[in-house]
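Numbered from 1 within each chain, the chains take letters A, B, ... in sequence-line order. Note that the structure is predicted; figures quoted are calculated from it, not measured.
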Amino acid sequence: MSMDVRQRFESEVEAAVRTALGEIGHPDLKFIMEASNLADIAVPCFGFSRELRMDPKSIAEDLAAKIAPSGTIASVSPLKGYLNFMIDETPLIKETLEKVIEEGEGYGSMPKNGIRVNVEHTSTNPTGPIHVGRARNPIIGDTLARALKRCGYEVQTEYYVNDVGKQVVILTWGVSNVSKDAVREEDRDKTDHKLVAYYREANRRMEEDDDVKEHIAEMLRKFEAGDEGIIGSVRETAEAMIEGLKETLSEINVKLDKYTWESDFIRDGSAKDVVEKLKTSKYSGQTDDGAWYIDLKDFGIQGKNTKFTFTRSDGTTLYTTRDLAYHIDKFKRADRAIDVLGEDQKLGSKQLCSALEIMGSKKIPEAMFYSFVSLPEGKMSTRKGVVVYLDDLIDEAVSRAMDEIKARRSDLSEADMMSIARKVGIGAVRYNIVRVHPEKQLVFRWDEALNFDGNSGPTSNMCMQGPAAC
RNA sequence: GGACGGGUGGCCUAGUCUGGAUAUGGCAGCAGCCUCCUAAGCUGCAGGUCGGGGGUUCGAAUCCCCUCCCGUUCGCCA
């Protein structure tokens, strides 16, 4: 493959500077080339001062005088100690356009590199609809996955479903014990929205009624003892919830390749294997009650408690134990694993990595963290019902886009207008999330989230589609 | 208290890893631009010295040290 115009420009600049330095008697001086908004390539001459015993400004002037524009170099000029090179734009534009036409949608993609990357994202607890507090997760994850594909990686996206533990058991109790009349009818006809009402009611009753509390505790004990009936009904509830979440995700063009269920790692015994393996480690120990832990103080974990518990005193496994089994499984299928996680998972993620290291895993997952989106009035909570659902945000975005389209393109059919409104509205939502650094705290405001002006999804869409339309 | 993030014009934000020239955009504000093509747009004006203080360097938003504010976290929860 021959060099493109840009690469040619770069090597011509490098050669020209090298030659000019030779002409002033210093052919071996090191220099850097950088992009700037004043030049296509700039070479700062400050580093030469010491050696040449001259001020950078004069050096740049001397060097510029010795370089004549040729080939792809359209001009050379000295400015305040910099040597500024401009590229000849005509061949650059011509070549770029030719390439865009030739490669079409694939333009900008890198060749396949054969590296398998697993991107785990979303993985929200199946206890309620996705709310905007966590909406960063699927959007960042999906965008990352798409970018990695463009970079030539073989990408698989994956959702880890937490169908184990207290929260889903509470939900399951609610679904089978709370009557339909006891919950407020949800207006949205989706399983996640319907089921969350039972979750809230179950939580409320559990707090008020000790019998309910005991019943749920009993279910949890049976679950952990491996009671197939309970495990099965919890799984069923979680599956129903996931169906609703999948609909939401598909609304924002997110489709995950694989759903992995936490309970599977209990059933297939791999969580137990992790336990046995960790017990043999020199870092492991047991409390008086019989719970097992590993001490991670040698692994950069600091604080008053450096112990990471991996079994309860009754020998049952914990979330993180299962997560270890899950990551071991992932690495059988991928060369790299990237986990998109809320910032509350930072310590857990670190512990996971250390434990994997102790177990002798050659591969360690990479985490990408994001901070939760909050409301002006504070944090969102599914249990308390203080939330803005992603579904509502999507609807609102699409409806606002629809208003705009109606106002300017009344010639289109209703169906066409709707189709455009969906693309524009959803693009606005995704772009609004992905445009800011993931770890930056973000407060959700309707007018900002749905602003279609300036630095927004719709504007970038137009920039992309404008030229194509021509 | 420890660990880990974030702090950039009135508001939002890029740049920080890999130190360079007048610190990137947007929103809001002001002044303009459609007898034709998407004005969800464009042009111009005004506004910041990058939380604060030291240090390294010819040069610091960027590296080092100290400090303040905000967030997350430190469960035999998930």
Given the [atom1] atoms of [N] and [M], what is the spacing between them in whole Å?
{"N": "B/C11", "M": "B/A3", "atom1": "P", "result": "31 Å"}
{"N": "B/G55", "M": "B/A60", "atom1": "C1'", "result": "11 Å"}
{"N": "B/G19", "M": "B/U62", "atom1": "C1'", "result": "6 Å"}
{"N": "B/C33", "M": "B/G9", "atom1": "C1'", "result": "27 Å"}
{"N": "B/U8", "M": "B/A14", "atom1": "P", "result": "10 Å"}
{"N": "B/U13", "M": "B/G6", "atom1": "P", "result": "13 Å"}
{"N": "B/C58", "M": "B/A39", "atom1": "C1'", "result": "49 Å"}
{"N": "B/C45", "M": "B/G25", "atom1": "P", "result": "12 Å"}

Query raised in the report: What are the two closest non-hydrogen atoms of A/Ser354 and A/Phe299, and how far apart are they?
Result: OG-CB, 3.6 Å
Does a donor on one side chain sit under 3.5 Å from an acceptor on the other, for [X] and [Y]?
{"X": "A/Asp55", "Y": "A/Ser58", "value": "yes"}
{"X": "A/Asn125", "Y": "A/Gln167", "value": "no"}
{"X": "A/Tyr259", "Y": "A/Glu239", "value": "no"}
{"X": "A/Thr124", "Y": "A/Tyr159", "value": "yes"}
{"X": "A/Tyr370", "Y": "A/Asn137", "value": "yes"}

Requested in this report: Heavy atoms under 4.0 Å is the rule here; annotate nucleotides 72-78 of chain B 5' to 3' with B where the base is hit, S where only the sugar-phosphate is, and - elsewhere.
Outcome: SSSSBSB
Query raised in the report: Can you find a donor-acceptor pair, distance only, under 3.5 Å between A/Gln441 side chain and B/G5 base?
Result: yes
Query raised in the report: If you draw the axis of the six-membered ring of A/Phe369, does the NZ or CZ of A/Lys346 fall within 45° of it and under 6.0 Å from the ring centre?
Result: yes
Query raised in the report: Does A/Lys277 reach the side chain of A/Lys272, with side-chain heavy atoms less than 4.5 Å apart?
Result: no
Report task. With heavy atoms under 4.0 Å as the rule, sort A/Asn84 into base, sugar-phosphate or nothing. Result -> base
Report task. Assign A/Ala428 to base, sugar-phosphate, or nothing according to its heavy-atom contacts below 4.0 angstrom with the strands shown. Result -> nothing
Query raised in the report: Across all strands, who's sitting opposite B/G1 as a Watson-Crick or G-U wobble pair, both distances under 3.5 Å?
Result: B/C74
Query - Those residues that, when tested against A/Arg200, pass salt bridge (Lys or Arg N to Asp or Glu O under 4.0 Å) (two or more places apart) - result: none
Nucleotides 22-26 of chain B: which of its N/O atoms have a protein N/O under 3.5 Å away?
from, atom 1, to, atom 2, distance (Å)
B/G26, O2', A/Asn455, N, 3.1

Query raised in the report: Is the base of B/C30 syn or anti, if syn means a glycosidic angle within 90° of 0?
Result: anti
Query raised in the report: If you find the nucleotide of RNA chain B closest to A/Val436 and the one closest to A/Ala39, which residue's nucleotide is nearer the 5' end?
Result: A/Val436
Report task. Tell me whether the OP1 or OP2 atom of B/G7 has a side-chain N or O from A/Lys440 closer than 4.0 Å. Result -> yes
Requested in this report: Please confirm whether the backbone N or O of A/Lys384 pairs with a side-chain atom of A/Ser381, one donor and one acceptor, at under 3.5 Å?
Outcome: yes
